[in-house]
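Each remark here refers to the structure printed beneath this line.
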Amino acid sequence: MTARDFVYTSQPQRVVFGAGSLQHLAREIDALGARRALVLSTPEQRGQAERVADMLGTHAAGVFDRAVMHVPIETAREAREVARQLGADCAIAIGGGSTTGLGKAIALDSGLPILAIPTTYAGSEMTPIYGLTEAGIKKTGKDFRVLPRTVIYDPELSRTLPVGLSVTSGINAIAHAAEGLYAQDSNPVMDLMAEEGIAALARALPAIRTKPDDIDARSDALYGAWLCGSVLGNVGMALHHKLCHTLGGSFNLPHAEVHTVVLPHALIFNAQATPHAMTRIARALGTASAPHGIQDLARDNGAPVALRDIGMKESDLDLAADIAVRNPYWNPKPFGPAERNEIRALLQRAWAGEPPG
């Protein structure tokens with residue numbers, strides 16, 4: 001096969017991976033040249049944030065534990081002000097995409113370096129993409145100021161991640177890689193990482209459901225999340241991510257669960273336009289069909305497969321379709337206003353939990 005033309009730009013980021021790697025936190029903060037770190041978390045993960053602050057001792061400026069989904073602009077402004085008042089010269093985001101997103105919102109305004117410690121498989125830590133929700137609309141952008149300078153992946157920190165969230169967070173990560181395989185700006189490096197990332201997560205998630213504290217399975221999942229997040233950070237996303245940003249930002253649906261439900265339907269929408277990507281996704285999953293393989297992976301491991309089961313009202317589907325086709329992302333098959341009825345039908349199937357088709 002003749003190599004295709006492509007452009008690949010590597011990103012300046014340090015990754016520290018391995019069980020127990022949190023022990024290197026002080027070394028990594030010192031490498032950033034930072035002296036006062038503000039530790040960020042959700043309210044539920046304050047205990048882990050306090051552990052991090054204790055490890056830093058006098059180098060901890062404080063803990064801000066009010067990270068929430070979809071980064072409301074009000075929360076971002078509050079966190080920026082706290083960082084300024086405490087004289088923080090870096091931020092440590094421990095948790096999932098909500099906490100990393102809050103760190104990015106601080107960095108966007110202040111330029112503070114971010115050190116991310118992911119405890120889920122969301123992948124946001126590997127990207128220069130940020131999102132802010134204002135007046136019910138989630139807006140995303142890309143700015144290299146928000147890319148975490150350092151990421152510490154310690155599988156020990158994810159051993160207590162609930163099985164249900166592990167599965168949906170893992171499929172959220174798979175979504176990044178799946179769309180990366182048919183991205184407008186895809187390249188061979190990202191294609192290799194995408195397929196390997198999907199395969200690692202497809203192995204890990206059933207093993208985690210069987211034995212949640214299996215450190216090998218947790219390591220495999222975090223390895224897959226790193227690969228899939230790297231894809232998200234390097235190439236553009238398409239229909240699936242537009243739908244999820246619409247459903248999450250405008251209807252406040254849980255982020256990972258939305259990705260889990262929508263992905264099979266987004267893939268079937270694009271299947272005829274991207275046969276090579278579907279082949280690679282199916283091969284990584286070990287299934288004959290990429291869309292059905294994703295839905296089976298979710299259902300077989302106890303994850304939701306219907307929007308109605310995660311809080312979406314059927315009466316809101318018309319509005320969701322209208323929002324989704326405004327300012328559409330590039331996609332291998334167009335989904336602008338002319339395709340509004342097709343998107344509305346897709347959302348209906350996703351709402352009902354029907355097989356992709």
Side-chain angles (χ1 to χ4, degrees), residues 40 42 66-80 93 95-109 114 116 120-143 145-148 168-169 171-173 175-176 179-180 183 229 232-233 235-263 265-266 304 307 310-313 315-331 335-337 340 343-344 346-347 350-351:
L40 310 173
T42 61
R66 293 190 284 284
V68 293
M69 287 193 307
H70 310 305
V71 196
I73 188 70
E74 298 81 8
T75 305
R77 287 169 178 156
E78 182 185 6
R80 290 168 182 165
S98 298
T99 306
T100 303
L102 180 59
K104 290 179 172 184
I106 295 172
L108 182 66
D109 183 64
I114 304 299
T120 71
Y121 310 128
S124 173
E125 67 280 351
M126 294 305 298
T127 81
I129 301 164
Y130 64 90
L132 290 166
T133 300
E134 186 170 10
I137 301 295
K138 185 170 184 177
K139 299 176 181 178
T140 62
K142 186 174 184 179
D143 192 310
R145 288 178 297 174
V146 311
L147 180 72
T168 56
S169 183
I171 296 176
N172 179 13
H176 308 327
E179 288 226 297
L232 175 66
V235 299
M237 297 290 108
L239 169 67
H240 170 77
H241 283 73
K242 176 65 173 185
L243 292 175
C244 291
H245 290 155
T246 297
L247 294 168
S250 297
F251 302 96
N252 202 36
L253 299 185
H255 183 84
E257 287 87 343
V258 168
H259 278 272
T260 299
V261 172
V262 170
L263 182 58
H265 302 281
L307 290 175
I310 60 171
M312 185 69 182
K313 297 176 183 177
S315 59
D316 284 333
L317 294 178
D318 282 330
L319 177 58
D322 292 340
I323 296 172
V325 299
R326 292 178 202 156
N327 303 311
Y329 300 175
W330 179 90
N331 193 62
F335 69 98
R340 188 265 182 199
I343 294 300
R344 175 62 178 80
L346 180 161
L347 290 172
W351 181 84

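In this chain, numbering begins with 1 at the start of the sequence shown.
Taking both residues in full, the closest heavy atoms of T100 and S124 are given as CG2-OG, 3.6 Å, listed atom of the first, atom of the second, then distance. Between R340 and D318, the shortest heavy-atom distance links the atoms NH2-O, 3.2 Å. Nearest heavy-atom pair across T246 and F251 is O-CD1, 3.7 Å. For the residue pair V262 and C244, the shortest heavy atom distance occurs at CB-SG, 4.1 Å. Of all heavy-atom pairs spanning V235 and G180, the tightest one is CG2-CA, 3.8 Å. Between L102 and L40, the closest heavy-atom pair is C-CD1, 4.3 Å.
Screening T133, L132, N252 against K138 for a side-chain contact (heavy atoms from CB on, under 4.5 Å) leaves a single residue, T133.
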(request) Walk me through it: do V68 and S98 pass the test side chain to side chain contact (heavy atoms under 4.5 Å, CB included)? (result) CA-CA 6 Å; V68 293; S98 298; 5.9 Å; no
L232 vs M126, side chain to side chain contact (heavy atoms under 4.5 Å, CB included): CA-CA, chis, key distance, verdict: CA-CA 8 Å; L232 175 66; M126 294 305 298; over 6 Å; no
Evaluation steps, side chain to side chain contact (heavy atoms under 4.5 Å, CB included), between I129 and D143 = CA-CA 7 Å; I129 301 164; D143 192 310; over 6 Å; no
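Between the side chain of R344 and the backbone N or O of A321 there is no donor-acceptor pair closer than 3.5 Å. Between the side chain of H70 and the backbone N or O of G248 there is at least one donor-acceptor pair closer than 3.5 Å. Side-chain atoms of E179 come within 3.5 Å of backbone N or O of A238 as a donor-acceptor pair. A distance-only check finds no donor-acceptor pair linking the side chain of K242 to the backbone of F335 [under 3.5 Å]. W351 places a side-chain N or O within 3.5 Å of a backbone atom of M312 that can act as its donor or acceptor partner.
Here the side chains of Y329 and L243 are not in contact, with every heavy-atom distance at 4.5 Å or above. Side-chain contact check for L247 versus L347: some heavy-atom pair is nearer than 4.5 Å. Between V261 and I310 there is a side-chain heavy-atom pair separated by less than 4.5 Å. You'll find the side chain of I114 stays beyond 4.5 Å of the side chain of V146, heavy atoms only.
Below 30°, between 30° and 60°, or above 60°: for H176 and H241 the angle between ring planes is between 30° and 60°, a tilted geometry.
Separation of atoms CG (D316) and CG (L253) is listed at 9.0 Å; rounding is to 0.5 Å. To the nearest 0.5 Å, atom CD1 of residue I73 and atom CD1 of residue I137 are 14.0 Å apart. To the nearest 0.5 Å, atom OG of residue S169 and atom NE2 of residue H255 are 8.0 Å apart. One finds the CG atom of N172 at 8.0 Å from the OG1 atom of T120 (value rounded to the nearest 0.5 Å). Atoms CE and CG, from M237 and N331 in turn, are 11.5 Å apart once rounded to the nearest 0.5 Å.
Salt bridge K104/D109: absent, no basic N to carboxylate O contact under 4.0 Å. A salt bridge links R66 and E78; the closest N-O separation between the charged side-chain nitrogens and carboxylate oxygens is under 4.0 Å.
If you check the side chains of H259 and H240, you find a donor sitting under 3.5 Å from an acceptor.
Other residues, nucleotides and ligands contribute more than 12 heavy atoms inside 6.0 Å of the NZ atom of K142.
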